[in-house]
Amino acid sequence: MKLVGIFILLMVCNFFLFISLGAFFSSDLPYESAIYTMGSMIVILLTVVLSVLVYLISSLKNMSNQKTY
């Protein structure tokens, strides 16, 4: 459940950053929607990658805590 919360939090943060930073580069070009589409897909993929990294780090911490010599 923690992973889902991290994913949603990262997705919301990335969405707002994408929209706010996209306002600086807005224009009336016809291929602007294609650029926004590709940017949205990249943002979603990066969010998935970051969530998986958080999951891997937490699982590695749990594994290291379980090993007591």
Side-chain angles (χ1 to χ4, degrees):
M1 192 64 174
K2 179 181 175 184
L3 183 64
V4 174
I6 291 170
F7 176 76
I8 291 172
L9 179 68
L10 286 172
M11 188 66 116
V12 168
C13 290
N14 284 335
F15 177 74
F16 283 124
L17 282 173
F18 184 73
I19 295 299
S20 65
L21 293 176
F24 291 117
F25 302 110
S26 65
S27 65
D28 294 331
L29 299 174
Y31 51 84
E32 186 177 9
S33 63
I35 293 171
Y36 278 135
T37 303
M38 292 300 292
S40 298
M41 288 191 286
I42 290 170
V43 164
I44 291 169
L45 288 174
L46 287 175
T47 304
V48 170
V49 168
L50 287 173
S51 297
V52 169
L53 284 175
V54 168
Y55 173 73
L56 287 174
I57 290 171
S58 66
S59 64
L60 286 174
K61 282 183 181 178
N62 287 339
M63 289 176 64
S64 68
N65 288 339
Q66 290 176 355
K67 292 183 181 179
T68 55
Y69 296 104

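By convention here, the first residue in the shown sequence is residue 1.
Through side-chain heavy atoms spaced under 4.5 Å, either directly or across other Ile, Leu, Val, Met, Phe, Trp or Tyr residues, Leu9 is tied to no other residue.
Shown here are the side chain to side chain donor-acceptor pair (under 3.5 Å) partners of Thr47, two or more places apart in sequence or in another chain: Asn14. Under the rule for a side chain to side chain contact (heavy atoms under 4.5 Å, CB included), the partners of Met41 that lie at least two apart in sequence or sit in another chain are Thr37, Met38.
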**Q.** Criterion side chain to side chain contact (heavy atoms under 4.5 Å, CB included) on Leu46 and Ile42, from CA distance to verdict
**A.** CA-CA 6 Å; Leu46 287 175; Ile42 290 170; 3.9 Å; yes
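The CG atom of Asn65 lies 11.0 Å from the CG atom of Leu60; values are rounded to the nearest 0.5 Å. The SG atom of Cys13 sits 12.0 Å away from atom CD1 of Ile8, with the distance rounded to the nearest 0.5 Å.
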